[in-house]
Amino acid sequence: MAISKDKTGVLINMDKTLKTELERLAKEDNRSLTGYIINILKKHVDEINKNSSVL
């Protein structure tokens, strides 16, 4: 599957237990593992940006 021009790929390595837990949480949230991780990262970045604008 090709990646659109406005996206990029990232390769990460993690503990197998973390991956298993993330897969479980993604399934509970009806998301793919990739979609779940992207959602977590977006929320994290939004929270940091929100907090840094308060300072």
Side-chain angles (χ1 to χ4, degrees):
M1 175 182 271
I3 297 174
S4 67
K5 289 183 180 184
D6 64 328
K7 296 187 180 195
T8 186
V10 176
L11 174 65
I12 61 170
N13 294 296
M14 66 180 77
D15 294 334
K16 289 179 182 181
T17 54
L18 176 59
K19 182 181 179 218
T20 300
E21 186 66 9
L22 287 169
E23 287 171 330
R24 181 187 67 77
L25 293 169
K27 186 175 183 178
E28 287 179 6
D29 204 28
N30 294 317
R31 294 179 186 267
S32 66
L33 177 58
T34 300
Y36 189 75
I37 292 170
I38 289 169
N39 191 46
I40 290 170
L41 292 172
K42 282 181 182 177
K43 286 180 181 181
H44 181 72
V45 169
D46 288 348
E47 187 64 28
I48 289 174
N49 288 337
K50 178 180 142 188
N51 289 336
S52 65
S53 67
V54 173
L55 299 176

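No hydrogens, no waters, no symmetry mates; every other heavy atom, side chains included, goes into these values. Because the structure is predicted, anything quoted here is derived from the model rather than measured.
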Which heavy-atom pair separates S32 from A26 by the least distance, and what is that distance?
O-CB, 3.7 Å
Hey, could you give me the CD/CD distance between E23 and E21, rounded to the nearest 0.5 Å?
10.0 Å
Is there a salt bridge (charged side-chain N to carboxylate O under 4.0 Å, His left out) between K43 and E47? Walk through the geometry before answering.
CA-CA 6 Å; K43 286 180 181 181; E47 187 64 28; over 6 Å; no
Distance in Å, T20 OG1 paired with L25 CG, rounded so as to fall on 0.5 Å steps
11.0 Å
Can you confirm whether I40 sits close enough to L22 that some side-chain heavy atom of one is under 4.5 Å from a side-chain heavy atom of the other?
yes
Distance from R24 atom CZ to L33 atom CG, nearest 0.5 Å?
13.0 Å
Each residue besides I38 in its hydrophobic cluster should be listed here, by chain and number; the cluster joins Ile, Leu, Val, Met, Phe, Trp and Tyr at side-chain heavy-atom distances under 4.5 Å.
none
Suppose we screen for salt bridge (charged side-chain N to carboxylate O under 4.0 Å, His left out). Which residues come up paired with K27, at least two apart in sequence or across chains?
none
Would you say V10 ends up clustered with L18 if hydrophobic residues are merged whenever their side chains have heavy atoms under 4.5 Å apart, either directly or through other cluster members?
yes
Partners passing side chain to side chain donor-acceptor pair (under 3.5 Å) against S4 (at least two apart in sequence or in another chain)
D6
Which heavy atom of M14 sits nearest to which heavy atom of I37, and what is that distance?
CE-CD1, 4.4 Å
Is I12 linked to L41 within one hydrophobic cluster, defined over Ile, Leu, Val, Met, Phe, Trp and Tyr using a side-chain heavy-atom separation of less than 4.5 Å?
yes
